[in-house]
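Values below: every heavy atom of this structure, side chains too, minus hydrogens, waters and symmetry copies.
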Amino acid sequence: QYQIDESFFDRIDTEEKAYWLGFLSADGYVGKYDVGCELQRRDRLHLRKLLRSIQSEHKIVDRERPGSQLVRGLRKVSNVKMSSKRLADALIAVGVVRAKSPILKPVDDIFLPESLRRHYWRGLVDGDGSISYITTTQKWALSLVGTKAITKGVVSFLNASGIETRATPFYMKTTAYTHKVGLSGRFLVSKAIRLLYGDATMYLSRKKKLADKILEESNEQKVSSKSQ
């Protein structure tokens, strides 16, 4: 019997809780009596952050899995499985259900204060999103994949937060339910990144580094334009 804060998701009232709710919505899995998360090995430290947040003593297991159509050979992964029916029930209550991938919807506003919504969406972006530099256009891009409801939800969130975008989710043929929505352009991406990652205390480190680079470039461009 491992120690764990089984009440962690009973009420979403902190940045940490909102972030991990989003991240587990993207990259976690919920069973009847447990909650788990498997990440590529390079993100192993992120699992340690999760365990620290939930005050869990559960062990991280490193293993190799067979590749897929997109990834050949063996994949090095790290996995944690936390035994707690209460934790699982709390996630199910806010919509992170078993076999969630085809049906996941954004968490209902009644469970998530407005001030914490950006942390929830950052968790989703860290789990199922991408921050990349497009060399052909020399511009940054931000994207999120998920169900149609999730991809439409992030667009609604950005618009409600004052970041106007007409980005439209599109269907991806890789699975029967996956959609993708993307933002591109220097100003639009930097505004979205500032909203999601500015002053954040919980994040996936490798994506935060890219976010910081975007914000640094944005600040330099503002200084440059003022001096002209």
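Between I150 and H179, every side-chain heavy-atom pair lies at or beyond the 4.5 Å cut-off. Put simply, the side chain of N159 reaches to within 4.5 Å of the side chain of E164, judged on heavy atoms. You'll find the side chain of L158 reaches within 4.5 Å of the side chain of L183, heavy atoms only. Counting heavy atoms from C-beta on, the side chains of Q40 and R75 never come closer than 4.5 Å. For the pair K105 and T147, the minimum side-chain heavy-atom distance is 4.5 Å or more. Using a 4.5 Å heavy-atom cutoff, the side chains of S190 and W140 are not in contact.
When only modelled atom types and interatomic distance are considered, S78 and D62 share a side-chain donor-acceptor pair under 3.5 Å.
In terms of modelled atom types and a separation under 3.5 Å, the side chain of R186 and the main chain of E217 share no donor-acceptor contact. Of the possible donor and acceptor atoms, none in the side chain of K139 sits under 3.5 Å from a partner among the backbone N and O of S184. A distance-only check finds a donor-acceptor pair linking the side chain of R41 to the backbone of R63 [under 3.5 Å]. Looking at K17, its side chain does come within 3.5 Å of a backbone N or O of R11 through a donor-acceptor pair. In this structure, R122 contributes its side chain and M202 its backbone to a donor-acceptor pair below 3.5 Å. With hydrogens and angles disregarded, a donor-acceptor distance shorter than 3.5 Å links the side chain of T168 to the backbone of R166. Although no hydrogens or angles enter the test, the distance criterion places a donor-acceptor pair under 3.5 Å between the side chain of K100 and the main chain of S25. Distance alone, capped at 3.5 Å, places no donor-acceptor pair between the D128 side chain and the L124 backbone.
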Would F157 and L195 count as a side-chain contact (heavy atoms from CB on, under 4.5 Å) if you check the C-alpha gap in whole Å, the side-chain angles of each, and the deciding distance to 0.1 Å?
CA-CA 11 Å; F157 164 72; L195 172 66; 3.6 Å; yes
Test log, rule side-chain contact (heavy atoms from CB on, under 4.5 Å), inputs I163 and R194:
CA-CA 11 Å; I163 300 175; R194 191 176 302 280; over 6 Å; no
From CA spacing to verdict: side-chain contact (heavy atoms from CB on, under 4.5 Å), I12, Y19:
CA-CA 10 Å; I12 310 302; Y19 174 85; over 6 Å; no
Could you go step by step and tell me if I54 and V35 meet the side-chain contact (heavy atoms from CB on, under 4.5 Å) rule?
CA-CA 12 Å; I54 304 181; V35 175; over 6 Å; no
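The local environment of CZ in R48 is sparse, with at most 12 non-hydrogen atoms from other residues, nucleotides or ligands closer than 6.0 Å. Counting heavy atoms of neighbouring residues, nucleotides and ligands inside a 6.0 Å radius, atom NZ of K49 exceeds 12 of them. Heavy atoms from other residues, nucleotides or ligands lying under 6.0 Å from NZ of K81 number 12 at most. The environment of OH in Y133 is crowded: more than 12 heavy-atom neighbours from other residues, nucleotides or ligands sit within 6.0 Å.
V145 and I131 are assigned to two separate hydrophobic clusters, defined by single-linkage of ILVMFWY side chains at heavy-atom distances under 4.5 Å. Residues V155 and L142 fall within the same hydrophobic cluster, defined by Ile, Leu, Val, Met, Phe, Trp and Tyr side chains chained together at heavy-atom separations under 4.5 Å. Cluster membership check: V189 shares its hydrophobic cluster with L210, using side-chain heavy-atom separations under 4.5 Å among Ile, Leu, Val, Met, Phe, Trp and Tyr. Criterion: ILVMFWY side-chain heavy atoms under 4.5 Å apart, direct or through other members. Under it, L47 and Y29 are not part of a common hydrophobic cluster. Linking ILVMFWY side-chain heavy atoms closer than 4.5 Å, directly or via other members, places I92 and Y33 in two distinct hydrophobic clusters.
Closest of all the heavy-atom pairs between V181 and A167 is CG2-CB, 3.8 Å. Nearest heavy-atom pair, I4 versus M82, reported as atom, atom and distance to 0.1 Å: CD1-CB, 3.8 Å. The two atoms that bring G36 and L24 nearest to each other are O-CD2, 4.2 Å, heavy atoms only. Annotation for P106 and Y120: closest pair CA-OH, 3.5 Å, computed over non-hydrogen atoms. Across all non-hydrogen atoms, the minimal contact from L21 to F9 is N-CE2, 3.8 Å. Across every non-hydrogen atom of V125 and L196, the tightest pair is CG2-CD1, 4.2 Å.
Residue pairs meeting the ring pair (Phe, Tyr, Trp, His ring centres under 6.0 Å) criterion with at least one member in residues 72-119, sequence neighbours excluded, do not occur.
With sequence neighbours excluded, the residues forming a ring-ring contact (aromatic ring centres under 6.0 Å, His included) with W20 are F23, H46, listed by chain and number. With sequence neighbours excluded, the residues forming a ring-ring contact (aromatic ring centres under 6.0 Å, His included) with Y2 are H58, listed by chain and number.
Using a 4.0 Å cut-off between charged nitrogen and carboxylate oxygen, R52 and E16 do not count as a salt-bridge pair. The pair D126-K207 does not count as a salt bridge, with every side-chain nitrogen at least 4.0 angstrom from each carboxylate oxygen.
Among the candidates D108, V107, L112, the single residue satisfying the side chain to side chain contact (heavy atoms under 4.5 Å, CB included) test with I110 is D108.
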